[in-house]
Undergrad: 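Structure in structure tokens, see below.
Per chain, numbering begins at 1; letters A, B, ... match sequence-line order.
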Amino acid sequence: MHEKKERSHELPDLPNAQSGVVMRFAPNPSGPLHLGHARASVLNDYYVKKYGGKFYYRVEDTDPKRVDPSAYEMVSEDLAWLGIGITDVVYQSDRFAIYYEYARELLKLGGAYMCTCDNNEFREKKLKKIACPCREISVEENLKRFDDMLAGKYAEGEITLRVKTDIAHPDPAVRDFAAMRVLTSTPHPRKPEIFVYPLMNFSVAVDDHLLGMTHVIRGKDHIANTRRQEYIYNYFGWKMPYFYHYGRMSIAGLELSTSGMRKGINEGLYTGWDDIHLGTLRALARRGIQPDAVRAATIDIGMGDTDISFSWENLFAQNKAVIDAGADRYFFVPDAVEVEITGAPKTEAHAPVYPNQPERGERVLPFTGRVLLPKSEMEKGGMLRLKDLFNINITGPSSAEYAGDSLADARSQKAAIVQWLPVEMAAPCSLLMPEGILEGFCEPAVREYAGRIVQFERVGFSKIDAVNDGKVIAYFTHR
RNA sequence: GCUGAUAUAGUGUAGUGGCCAAUCAUGCCGGCCUCUCACGCCGGCGACUGGGGUUCGAAUCCCCAUAUCAGCACCA
């Protein structure tokens, strides 16, 4: 009756994976992980768990301008929360010497050159399929320029290591792409002495090979990069990993870019990285979304290259399947009005903590004459059934009279069965929803649920975020 | 503009020439259960972007159109 269904399907097999795989999750440490990262990490993690092998968390911090030092720790926390099975951690900022070594090697192979042309001029030539003069300089001159670069003889922007591809390649994106440059304006938070930085395509190709990646699953924004990296593999005679590129994912009404979220935080639009309106994993966690639900929803989406608009419905449905059985039921009365009920006997209500499992116990709510009811229900007038108590007929904005105990009567009159609270047994409670804050009262027992999820009957699942001086702060999860 | 990719119900997904008058999940509607509009159960609704081909036969292959997306950075 309350068994969890297996709701996520299997992903297709990977080629040459039966004896194990080596994969990686390689984000730029610019902020905490969000739903987009969840897809990258979960898909790769799925296959490492399926086939066994290694899973690298590779920190791609080769652009000091894009490093937020606090992100190093946040990403690790987020990966742990998501249950990603990282086996090895690598910082690219520990590997500059390796990149220099392979860059020198590539120059010797004639697979790259040191370009001193103006960037904009190069770009214009490239679009016209015209090679720049630097492309023809000798290996010796290239190596000299390279050594001079490492010796600090070139200022920022004066020199670029370019990989020689095909200057007339039909795709302008792959023509002699940049692989290394000088950058002195921003010191690296971990390596302040460094001023020559590899660009993503170079460091990624070198590391993917050196670390022995067998399969790479990443977004389709990297399709052109894969083609570029292929040149590096070919120059060195390396074997390419299998590459997969999943499509773009958007979520209605959600900012998914780290820079966009940071901007919003700085402008005061959001309270922080875990603001209820954001798609970061920490925001989802705070709202009561479970890592297993994120995983299931992500695997359900799979790695198709179609662009998709991810919908909250699917994530919420997965999450509900995860949390329902563990969520005790309580009353929360939003926008409460105090109602005097006349003619009723002193009695008490016994409500189950979880209807499908009576053994979990019951909540006892005494009735002594005055109760709190949702304003919206009172305004309807007519008969109401106070759940697990008795019926009332509404006689005014804050008054009602006893109308018998019969549940059958309430049913036959189609009276709403509503949540209520004794006035003397009500804890103030703020329910934070994306649309705003719902003020009201809940059962005092909810104060014991900090950090856990309850279901407020007829309202929805809620994560109890904190209890301050007896006041409950809850985050609405979903219905 | 150039290069590449994709197009199945509201959303996500399965389907790689006949077993597809198309799968599963979610959503919505109806019913059952139930002192929650939860959980569970039953039933229903709802899709192959368009047009040409190829073939005995196409959601599946080819071409064109349209739409969407990605890249064309000294970001990742």
Undergrad: Can you tell which of B:C35, B:U6, B:A70 lies closest to the side chain of A:R248?
TA: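 Comparing B:C35, B:U6, B:A70 against the side chain of A:R248, the answer is B:A70.
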
Undergrad: Within less than 4.0 Å of OP1 or OP2 of B:A76, is there a side-chain N or O belonging to A:T62?
TA: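 Yes, such a contact exists.
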
Undergrad: Taking the side chain of A:D63 as heavy atoms from C-beta outward, which of B:G12, B:A38, B:A76 is closest to it?
TA: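 Given the options B:G12, B:A38, B:A76, the side chain of A:D63 is closest to B:A76.
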
Undergrad: Which whole number of Å gives the distance between the P atom of B:G50 and that of B:A9?
TA: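 Between the two P atoms, the distance is 10 Å.
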
Undergrad: Over 60° means perpendicular and under 30° means parallel, so classify the ring planes of A:F243 and A:H245, tilted if in between.
TA: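 The rings of A:H245 and A:F243 lie parallel, inter-plane angle below 30°.
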
Undergrad: So, is A:N314 close to the B:U11 phosphate, meaning a side-chain N or O under 4.0 Å from OP1 or OP2?
TA: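 The answer is no; no side-chain N or O of A:N314 sits under 4.0 Å from OP1 or OP2.
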
Undergrad: Between A:K65 and A:R227, who's closer to the 5' end of RNA chain B by nearest nucleotide?
TA: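 Upstream on the strand: A:R227.
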
Undergrad: Sticking with atom C1', work out how far B:G51 lies from B:U66, rounded to a whole angstrom.
TA: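 It comes out at 10 Å once rounded to the nearest Å.
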
Undergrad: Starting from C1' on B:C37, measure out to CZ on A:R385 and report it in whole angstrom.
TA: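 To the nearest whole Å, that distance equals 17 Å.
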
Undergrad: At less than 3.5 Å, do the side-chain atoms of A:E313 and the base atoms of B:G12 form a donor-acceptor pair?
TA: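 No.
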
Undergrad: Assuming nearest nucleotide by heavy-atom distance, tell me which of A:L389 and A:N28 is located more 5' along RNA chain B.
TA: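 Mapping each residue to its closest nucleotide by heavy atoms, the 5'-most match is A:L389.
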
Undergrad: Using a strict cut-off of less than 4.0 Å between a Lys/Arg side-chain nitrogen and an Asp/Glu carboxylate oxygen, indicate whether A:K144 and A:E141 qualify as a salt bridge.
TA: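 Answer for the salt bridge query: no.
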
Undergrad: When rounded to the nearest Å, what value does the distance between P atoms of B:U60 and B:C74 take?
TA: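 Each nucleotide's P atom is 41 Å from the other's.
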
Undergrad: Report yes if a donor N or O on one partner sits less than 3.5 Å from an acceptor N or O on the other, where the partners are the side chain of A:R458 and the base of B:A38; otherwise report no.
TA: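 Between B:A38 and A:R458, which were checked side chain against base, a qualifying N/O pair under 3.5 Å is absent.
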
Undergrad: Using purine N1 to pyrimidine N3 plus N6-O4 or O6-N4 for Watson-Crick, or N1-O2 and O6-N3 for G-U wobble, both under 3.5 Å, which nucleotide pairs with B:C20?
TA: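 By the stated definition (distances under 3.5 Å), nothing pairs with B:C20.
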
Undergrad: Looking at the base of B:C72, is there any donor atom on it, or on the side chain of A:D171, that sits under 3.5 Å from an acceptor on the other one?
TA: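 It does not, because no donor-acceptor pair links the side chain of A:D171 to the base of B:C72 below 3.5 Å.
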
Undergrad: Just wondering, are more than 12 heavy atoms of other shown residues or ligands nearer than 6.0 Å to NZ in A:K125?
TA: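 For A:K125, atom NZ is crowded (more than 12 foreign heavy atoms under 6.0 Å).
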
Undergrad: Between B:A14 and B:C48, how far is it from one C1' atom to the other, in whole Å?
TA: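 Roughly 13 Å separates the two C1' atoms.
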
Undergrad: Is any side-chain N or O of A:K320 closer than 4.0 Å to OP1 or OP2 of B:A38?
TA: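 Negative; the distance criterion is not met.
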
Undergrad: Considering every strand shown, what is the Watson-Crick or G-U wobble mate of B:C39 when both distances are under 3.5 Å?
TA: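 Answer to the pairing question: none, since B:C39 forms no Watson-Crick or G-U pair.
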
Undergrad: Rounded to whole angstroms, how far apart are CD on A:E230 and P on B:G71?
TA: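 Rounding to the nearest Å, CD of A:E230 and P of B:G71 are 20 Å apart.
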
Undergrad: Determine the interatomic distance between P on B:A7 and the same-named atom on B:U16; round to the nearest Å.
TA: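 Nearest-Å result for B:A7 against B:U16 at atom P: 14 Å.
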
Undergrad: Counting heavy atoms from C-beta on, name the nucleotide in B:C35, B:U11, B:U6 closest to the side chain of A:S311.
TA: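 That would be B:U11.
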
Undergrad: Does the structure show a Watson-Crick or G-U wobble partner for B:G71, both distances under 3.5 Å? Name it, or say none.
TA: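 Across all strands, the one nucleotide that pairs with B:G71 is B:C2.
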
Undergrad: Choosing from B:C37, B:A5, B:A76, which nucleotide comes nearest the side chain of A:R479?
TA: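 My answer, after comparing the listed nucleotides, is B:C37.
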
Undergrad: Give a yes-or-no answer on whether the side chains of A:E10 and A:Y46 include a donor-acceptor pair shorter than 3.5 Å.
TA: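 Checked: A:E10/A:Y46 side chains pair up, N/O donor to acceptor below 3.5 Å.
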
Undergrad: Check whether any side-chain heavy atom of A:D328 lies under 4.5 Å from a side-chain heavy atom of A:R360, and answer yes or no.
TA: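 Side chain of A:D328 against side chain of A:R360, heavy atoms only: contact under 4.5 Å found.
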
Undergrad: Return the pairing partner of B:A25 with a 3.5 Å limit on both distances, Watson-Crick or G-U wobble; otherwise return none.
TA: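 Check on B:A25: paired to B:U11, both distances under 3.5 Å.
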
Undergrad: Which nucleotide sits closest to the side chain of A:D388: B:C35, B:A5, B:C75?
TA: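 Among the listed nucleotides, the one closest to the side chain of A:D388 is B:C35.
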
Undergrad: From the list B:U6, B:U26, B:A70, which nucleotide is the closest neighbour of the side chain of A:D221?
TA: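 Nearest to the side-chain atoms of A:D221, counting from C-beta on, is B:A70.
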
Undergrad: Once you measure the plane-to-plane angle for A:Y402 and A:F390, does it fall in the parallel (<30°), tilted (30-60°) or perpendicular (>60°) bin?
TA: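 Aromatic pair A:Y402/A:F390 classed perpendicular.
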
Undergrad: Identify the nucleotide, in any strand shown, that forms a Watson-Crick or G-U wobble pair with B:U55, with both distances under 3.5 Å; if there is none, say none.
TA: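 WC or wobble partner does not exist here.
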
Undergrad: If you measure from the C1' atom in B:U13 to the same atom in B:C24, how many Å do you get, rounded?
TA: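 Straight-line distance between the two C1' atoms is 7 Å.
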
Undergrad: Say you pick atom P in B:A58 and the same atom in B:U49; how far apart are they, in whole Å?
TA: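 Straight-line distance between the two P atoms is 15 Å.
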
Undergrad: Ignoring backbone atoms, establish whether A:R123 has a side-chain N or O less than 4.0 Å from OP1 or OP2 of B:A73.
TA: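 Yes, A:R123 has a side-chain N/O under 4.0 Å of OP1/OP2 on B:A73.
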
Undergrad: Using purine N1 to pyrimidine N3 plus N6-O4 or O6-N4 for Watson-Crick, or N1-O2 and O6-N3 for G-U wobble, each under 3.5 Å, what pairs with B:U34?
TA: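 Partner of B:U34: none.
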
Undergrad: When the P atoms of B:A38 and B:G30 are compared, how many Å lie between them, rounded to an integer?
TA: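 Here B:G30 and B:A38 have their P atoms 12 Å from each other.
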
Undergrad: For the residue pair A:Y449 and A:Y330, does the interplanar ring angle fall in the parallel (under 30°), tilted (30 to 60°) or perpendicular (over 60°) class?
TA: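 Perpendicular, since the angle between the ring planes exceeds 60°.
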
Undergrad: What I want to check is whether an N or O donor and acceptor connect the side chain of A:Q318 with the base of B:U26 at under 3.5 Å.
TA: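 No such pair is found, so the answer is no.
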
